[in-house]
Amino acid sequence: MNSENGQMYAMRHSLAHIMANAIQHIWPNVKLGVGPVVENGFYYDLDIGDQKLSEDDFDKIEAEMKRIIASDIPFERFVLPIDQAITWAQEAHQPYKEELLNDLKRAGTTVAKELDSEEFGMPSNGVKVSEASFYKNGDFTDLCRGPHVESTGKVGAFKLQRLSGAYWRGKETNPQMQRLYGVAFATEKELRQYLAMLEEAKKRDHRKLGQDLDLFIFSDLVGPGLPLWTPRGTTLRTQLDRFVQELRDEMGFEQVTIPHITKRDLYEKSGHWAKFKNELFKIKTREGHEYAMKPMNCPHHAQIYDSRPRSYRELPIRYRDTTMVYRDEQSGELGGLSRVLSITQDDAHIFCRLPQAKTEALRLWDIIEQFYSTIGIKLKLRLSLHDPKNQNAYAGTEEQWAEVENGLRDIAHGRVGDDFTEAVGDAAFYGPKLDFLGLDALGREHQVATVQMDFGQPEGFDLTCTNEDGADERIVMVHCAVMGSLERFLSIYIEHTAGRFPVWNAPEQIRVLSVNQEQTTIDFVDSIVGRGKQLGLRVAADHNNESVGKKIRSAELWKVPYTLVIGQKEIETGEVVPRIRKDMVVSEQAQSHTVDEFLKTVQHEAKSRVSKTSL
RNA sequence: GCCACCUUAGCUCAGUUGGUAGAGCAGCGCAUUCGUAACGCGCAGGUCGCCGGUUCGAUCCCGGCAGGUGGCUCCA
């Protein structure tokens, strides 16, 4: 943490205290939970009995906070022996603080996770604590590790932001508290910039754009978390998926097709039944057999591999399959396309010998990089490794893990030097992963593509090949998703592009509009549309009896890359001057072309998947 | 699932301190035949999310349900 970050931390943390102080002034019986610093701000967990806070209270609370800030009272630190600290909490009627202090005294920590592991007999790293520090500003005192700013006047710019419920210490069985969030920055300017970024994000919200651009809908009758894709949205999906397919086919993948349900037996054998039982949609047949909607595709694909004896000579075998899986998520977790019940995966599985896995992973990385550089999302690599302290939670042997993890690390070093992070404990239970994080146009990070090594299912399904010695040899599976969930990916991509899709995947590439309703004009427009379609372009006519200005506006709102305006002039010369969507970098297309030249140029632009949009 | 808030026309939103509602855009019709971001006039469109309760009367008050939004990982 550099000193600037340290200062910001102290400001935000001090604001949490000031907010709690203000609330205590307004509702004196408030019981305080914890009030930490979070990304871009802070929160405080509060228990105000039956008093329900609402956003209408924000002005009142902010005003009181500003009063405390204006008084510029110093933050003073003092230390009490732990037992006196507990007495303080009792006298101040702060039961949550008392609980924290008792944990401190007993286990040396207040972190719930560490306390949990202690319950399971694991050693807690904390030494027992004999004293606790407090911070006091004016009439407000709080148990606190600090640090704080010198005085309440030095906290920068803040704004209360939202309100939510949160369980005391994150446990469902504990009382529910009200969590009040604020954002805070060192200066008004930074605060304004941050709020402006949120505004921009709101404008780009994929749920709004999905509605405005007619990409997908939800139906109350079909149910939450089950998006229905319109023709436009389907075109977008199809174009993106086709690109991934092309890249994979160059690498030797073959398409397979599988049913969306399976007998329970498949997942009992794969081990998924025990682990994912609650997330499975289950079906009972009229004869009483238990089936499930597939929550993943690997076990199905493994059956195709295992349908006949395999020679080492035919390996690697590579299957690809873009298909929906279904997961029974908690209703409150659903939101837009980011979290859905019907998930389309651009799934792929490679069945290969252990020594081949490294080369396969490298080639998958090529595909991922090509895809993401084309759509303009920068990638960062995270190597997700197992936690050796917990070896028995994983499939496979320690030697296998070591070999494959080292292999992946070599690949990473060879390709990006030290420009990647390692995350111990982030591996899947069946193997380590190369996870890719994408940076979108607003600077937000999302987990996108993944390459996963798998020792678990080859073991579970007893997948082998016959090797040079005529013996059965255990194989390895490599999972790879480029977009991962198409729904989640599209939520990111729609916001990344703000719906201004490049020509190659734009649902509508060219709109041709007529200046008047005369038959010759309409015929000419229709002939352009016809020729465009013959070239495989997505062209639409706008023959509405409206002004040219209005039709231009409409094309602009639909974010169509190219618009042709057709009137007497174009009919006579046979040439057009395309109107280009504002965000696109102006190019040779802006000049006059014959219609066919123009269509050919756009066809080329689409085929080569160049992006002229500036995001 | 849990907590808070929200749900009025296809969309965005107004409104009724309880007497069953309005605008803009979109749609349709008429007029217009238009040259690069909104021409004009008109029509139609709603069991005010659903079910129940209170009331002479409920879109409004109460309860339940459904759907949506923000959270529920960040730890003195």
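What you are looking at is a predicted structure, and each value in this text was computed from that prediction instead of being measured. So that the names make sense, note that chain A is the first sequence line, chain B the second, and so on, each numbered from 1.
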>> Distance check, P atoms only: B:A21 and B:C50, in whole angstrom units.
In response: 16 Å

> Within the structure shown, what part of the strands sits under 4.0 Å from A:Gly41 by heavy-atom distance: base, sugar-phosphate, or nothing?
Replying inline: nothing

>> Under 3.5 Å for both donor-acceptor distances, Watson-Crick or wobble: does B:C61 have a partner, and if so which one?
In response: B:G53

> So, A:Thr521 side chain and A:Ser514 main chain: donor-acceptor pair closer than 3.5 Å or not?
Replying inline: no

>> Counting the atoms with a prime plus P, OP1 and OP2 as sugar-phosphate, which does A:Lys582 contact under 4.0 Å by heavy atoms, base, sugar-phosphate, or nothing?
In response: base

> How would you label the contact of A:Gln519 with the nucleic acid (heavy atoms, under 4.0 Å): base, sugar-phosphate, or nothing?
Replying inline: nothing

>> With salt bridge (charged side-chain N to carboxylate O under 4.0 Å, His left out) as the criterion, how do A:Arg382 and A:Asp435 come out once you've worked through the C-alpha distance, each side chain's angles and the decisive distance to 0.1 Å?
In response: CA-CA 5 Å; A:Arg382 183 180 66 205; A:Asp435 286 324; 3.3 Å; yes

> Under 4.0 angstrom, heavy atoms only, what part of the nucleic acid is A:Gly332 near: base, sugar-phosphate, or nothing?
Replying inline: base

>> By the 4.0 Å heavy-atom rule, please label A:Arg579 as base, sugar-phosphate, or nothing.
In response: base

>> Between B:C65 and B:G19, how many Å separate the two P atoms, rounded to a whole number?
In response: 28 Å

> When we call it a touch if two heavy atoms are under 4.0 Å apart, what does A:Val565 touch: a base, just sugar-phosphate, or nothing?
Replying inline: base

>> Please classify the nucleic acid contact of A:Gln178 as base, sugar-phosphate, or nothing, using heavy-atom distances under 4.0 Å.
In response: nothing

>> In whole Å, measure the gap between the C1' atoms of B:A38 and B:A26 for me.
In response: 12 Å

>> For a quick check of understanding: with a heavy-atom distance under 4.0 Å over all strands, which category does A:Lys551 fall into, base, sugar-phosphate or nothing?
In response: nothing

> Does the A:Arg204 side chain pair with the main chain of A:Glu495, one donor and one acceptor, at a distance under 3.5 Å?
Replying inline: yes

> Mind checking the C1' distance from B:G67 to B:A31? Whole angstroms is fine.
Replying inline: 43 Å

> For atom P, what is the distance between B:G63 and B:C5, given to the nearest Å?
Replying inline: 12 Å

> In whole Å, what separates the C1' atom of B:C3 from that of B:C61?
Replying inline: 24 Å

> How is A:Arg145 classified with respect to the nucleic acid when contacts are heavy atoms under 4.0 Å: base, sugar-phosphate, or nothing?
Replying inline: base

>> Give me the distance, rounded to whole Å, that separates B:C2 from B:U73 when you measure between the C1' atoms they each carry.
In response: 16 Å

> Roughly how far apart, to the nearest Å, are B:C25 and B:G42 at atom P?
Replying inline: 12 Å

> Does the ring of A:Trp558 carry A:Arg232 above it, NZ/CZ under 6.0 angstrom from centre and within 45° of its axis?
Replying inline: yes

> If you draw the axis of the six-membered ring of A:Tyr43, does the NZ or CZ of A:Arg179 fall within 45° of it and under 6.0 Å from the ring centre?
Replying inline: yes

> A:Ser133 near the nucleic acid: base, sugar-phosphate alone, or nothing, with a heavy-atom cut-off under 4.0 Å?
Replying inline: base

